[in-house]
Structure formats: structure tokens, C-alpha cells
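Down below is the structure, laid out as C-alpha cells.
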Amino acid sequence: MKSSILAVTALIAAAASTCTTAFVPNASPLAARSPSFSFGSNTRRRHRPTSAASRLVMRDYPKPNVEDTDNYRFAESMSSSFKTSLKVTDPSQKKKVAIIGGGLSGLACAKYLSDAGHEPIIYEARDVLGGKVSAWQDEDGDWIETGLHIFFGAYPNMMNMFAELGIHDRLQWKIHQMIFAMQELPGEFTTFDFIPGIPAPFNFGLAILMNQKMLTLGEKIQTAPPLLPMLIEGQSFIDAQDELSVTDFMRKYGMPERINEEVFIAMAKALDFIDPDKLSMTVVLTAMNRFLNESNGLQMAFLDGNQPDRLCEPMKQHIEARGGQVKMNAPIKEIVTNDDGSVKHLLLRSGEKVVADEYVSAMPVDIVKRMVPQKWQNMPYFRQFDELEGIPVINLHMWFDQKLKAVDHLCFSRSPLLSVYADMSVTCKEYEDEDASMLELVFAPCSPIAGGNVNWISKSDEEIIDATMGELARLFPTEIAADEKWPATSKQGPGGQAKLKKYAVVKVPRSVYAAIPGRNKYRPSQTTPIPHFTMAGDWTSQKFLGSMEGAVLGGKLAAEVVANRALGNPDKPIKEIQQHVIDSAADHVAKPPLGVKGDGAIAWGGGAQLSKKSEALLRESDPSQFEAAAAEVVAA
């Protein structure tokens, strides 16, 4: 790999000495395309001919080869182990396992435990599965999603699970490309085009090299050397950068500031909803390491419909077909312990007591912290949770009264307020609409912890939508109409005709764990100090990000701990805990756990359209969401 990245660096350097334009292989029709395009009145379609009505036709691409990577082979081998080396061979080894939480991590844990011959029972507090990938229908029958979820080729455990469940045909793969809005040129976009047949890391290097709109050749050359240690030293170097923010890393290694403006801001907000000056460089390097090592790692796919039906339901059916159970509307009130601190039973709000052989928490970190029993609170393992918290994010659905000129892909907005967006009416079969657009957008950063200047969770839906309409007016300058209902559109010209007819604002006060610098070392192992109690979740220690892939892997690792223990093998070791946590744990004043108040998504760490009742509950349980940011205080 060292020779490969050096070759890419040499290629860039050679291009710098021989030409002033991008190297474009003549044989590649993809590379021959212009690297930028406009969505204004002179739009040029990039993928296919269009009708006079400027209609974009949905087009899916063949599933890429995601199996030919070391990460996939490891994921496949681990999955197979539940049916072989970790499989129950004697009835006495079969365990009843109570799993708290029916998000992706809990479902994955139950899926693999059922494969190993155990009896997993999921207790989900809500009436929908999926956790942070949950979705529901509004009064019009339109689906509202907690987040805009994209599947990458570099999601080996997710891709392997799709193969196991036989649902690969539910992924709509898009052209191998990244699309960015041009900040200085409203209505125009530029791309990183990955040439088919070119292996990693050359395809990534060429994609950047061919684009002449975002970085100069000199800036590209300056970008390569700081990334060499990542590929030469691997994970040890990546983990060591956790104390640095993306901005700190750039300055330490002399990377040009414009790389931050042109690339890293978009990457940081897409990866963890955080600005680069707040995001750990380990997160960016982890993603880049996958993309530079895997030829199809950056190719993206949309699910062909809503996540509960198209992803969670097959997992549920798989579990139930093998003797497991998935119980909905079954909120946990308390983890009840014996005098020695071991789990006695789970107490449901209904009064039912759940006694099992093994227990797994698949709850988000902010909910786990409210549920830790008093007898566990002085243990360093649980005290390190204080260093972790979920990041706020807002997901928007915006229906327009006509079709916007869109792309059949994910777009990086490079907006101060928006992360990524997609026109779901052209990217997803279930949401397809030939006559009108439905944009799904990620509004981030939306809090001070993420680098934002405004605490947007506390703002009204109307304020959030108006701010977003202002950004959309920049992205679609010739299409968005001036609408007196939305003051941010007041400067739009008479040519714009598209008006917003409906919207949904989904607030997730505590989403994936905030990957700010220095947090990675506090992510706990799945093995805990409590006998027969295991921890799952994307926030637990695993090499992928707080993501769908991380959730599946976290659940899979938890299942491995339980299955291994059931065979009578020693537990996997507990991850090293920081000394300062150990030193301060004994002084912590243990109290009865706060527990979870209220019902619904917000109470249990999910996302929802806030009603007055749920907003009041959030104000009580998480008042920091309504504190004014420093910039707001100054402005006032």
C-alpha cells in the first residue's frame, strides 16, 4: 500500500510539471465529462438524455464488487463463525438473551445470536424498529425518516448482512461519484468522478486530480504527504490523531486552509454533523482509509424505500424464524440488581419482570447513562460514559409544488447550515414522483458542541425552514420562488416558480456520539465488569464510525461476547480505562438512576417532529438543548 500511495503522489507531481489542466484518460467516457455543471437555465444533463420538460429519470447502477476487500472477508468470516465455531452444540449452552433496544445494533445482535442457536428477545420501547433509522408515515401517508441514510461500499458488515438476508436488490446504487455545490457559484455543482476499472487508491487520486474547480494543483500536492502515515502506519496512526481536530491536524501538517473550506467542512458535516474545528481527525482518517484502500468504498446506494419495512423487517423475520422474539411497546423501567451487583432482572414499565441468562444493552449512550444502576455507578467502566454524549442534528423533508432540476445522487451542499441532501423523488423508488420534488436534507451543525453559532434544536420549525429556504435559494437560484411566507426567499427573481407546499422537521437532540477530539478512548468495550451483561451500540468500541455500519458491527461484537461466553470460554478483555477515570470513580456520589421519563422517540434517544408535549419533556430531561449559544447571547 505504501508503494501505491507513493505512486499516486508521483502521478500528481508529474501532472504538476507537465500540464495545467487535469489528467483525463481519453478512453474513459466518465472522465471526459466536464467536472462542473449548472442547475440554472443552461443546465447540462450529465447522465442521460432528458425530455423537453427537463425530467430526470431515475437510473440505478449494478451492484459494485464490495466483497473483494480484507474488511469484507473479515466481516464474512465473523458472520460465519456464529453458524460454526460459536454455534450451540449442546442444549445446555443455549441462552435466553434479553436485548434492550430494537435499533440496528440490537437487531444485529439478535440476528447473530439466533444464528448461533440462542434465544434472543428484543425489548423495544417504541412502536417502530430502527432507532436512529426509524421512519413513520404522516396523515397523508408520506414517510418521515429520522435521517437521510446512505449505504457505502465500505460498509462490510452491512453489505455482508444484506447478502445473508438476501436483500441486496433493495439497494439502489448510484454512479461512482461525489457531487459538491459550488460555494462561489450559486446553482453550480462540481464532481469527483471515479473511473470504472481503476483500482484504489489510484481511482481516488485521479478523481481529485481531474477536478479543476475545488483545489489548485499545488493544493492537491500539499494534501498528499500528510496522508502518507495513515496508509503506511495504519490504524495506530489513525487512533493517535484522536486528540486533534481536523483543523488542528491540517495546521500541524501544513495543509492549505482552502482544503478545509473546499473539502473537509463538507466531509466533517456529512460524517458526524460537526464542523472541522470540533471533529476528531480520527473520524476523517478512518473514512479516508476505507476509501483509499477499497476501490468501491465510496460508491453510494439508497435504500429503495422506508427503513422499517425494507431493512428492519427482514432482520426481524430472520430472528423470529430461528426462535427469537421482537417485542414492541415494551419500555424498560429499571435494570434491577442483586446485592453483589449482578443483574437480577429487567423491570418493564408494565410491571413485568424479565429474567434471562444474558442481558445486552443496545441503547444510545445518553439513555444508558440514565439507566445505570446505583451499584454500578462507582465502577470506572461506567464512569467513562460521562465523557460521551450524542450530537444534535435535524433532518428535514421538504415537498415542492413542482420538479426541481436535481441529480440522482447525494449532494454535499457546502452550506453553512446544511450538510448533505438528496431529491428523494428521483433517488428512491418508493418516493418517486415525476411531477414534484421532495428534498431530504441534513441540517447541521445545529448546536455549539458541533461548532454551530445557534442552538437550532430550540428554534421553531418555521425558523428552521425559513433559514433552509434561504440556502435552497442559493442552490437553486433560478427555480425557488420568492414566497412571502419565507422571508429568506425575498431576493429571488421572477423566474423562480417552485414553492414549498409541505414540510416536516425531525429533531434528533441526541444522535450519534459526538466525535469531538479525545473521545475515542472512552468508547467502552462490549465486555463489561458485570457478569452476563454486555454492551452494544455504535458508540461502543469498534473501528468504524458512529454510523449504520458501526451499529451493526457493535451489535455483532456484543453477540460474539455472549456466544463465546455460552460455550464456556473466557470473556474477551475489558478495554483499558483512562487512569483519571479510575482515580475519580470512587469519589462519585451514587444515586438512584434517573430512568427515562415519558414516551416516544425523544424520550428514548430517537428523533421526532416535536409536539408541545415532547418539547416540554425535552426541556425537562435535556435543558442544554434550549440554552442560547454564545453567538446568540452576543447578538441579543
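The basis for the numbers below is simple: all heavy atoms, side chains too, and nothing from hydrogens, waters or symmetry mates.
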Check: [X] ring centroid to [Y] ring centroid under 6.0 Å:
| X | Y | value |
| --- | --- | --- |
| F443 | H397 | no |
| W376 | F533 | yes |
| F192 | F180 | yes |

For this session: Return the set of residues passing salt bridge (charged side-chain N to carboxylate O under 4.0 Å, His left out) with D587 (not counting sequence neighbours), or none when no residue passes.
Result: none
Exercise. Does D386 have any salt bridge (charged side-chain N to carboxylate O under 4.0 Å, His left out) partners at least two apart in sequence or in another chain, and if so, which?
Worked result: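 With neighbours one apart ignored, the set is R383.
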Salt-bridge present ([X], [Y]; N to O < 4.0 Å):
| X | Y | result |
| --- | --- | --- |
| R290 | E549 | no |
| R474 | E471 | yes |
| R619 | E615 | yes |
| R414 | E262 | yes |

Exercise. Should the pair K369 and F385 be classed as cation-pi, given the thresholds of under 6.0 Å to the six-membered ring centre and 45° from the axis?
Worked result: no
Got a second to check how far [X]'s [atom1] is from [Y]'s [atom2], nearest 0.5 Å?
| X | Y | atom1 | atom2 | answer |
| --- | --- | --- | --- | --- |
| S419 | I265 | OG | CD1 | 11.5 Å |
| E576 | S541 | CD | OG | 11.5 Å |
| M159 | F151 | CE | CZ | 6.5 Å |

Exercise. Are there more than 12 heavy atoms of other residues, nucleotides or ligands under 6.0 Å from atom CG of D70?
Worked result: no
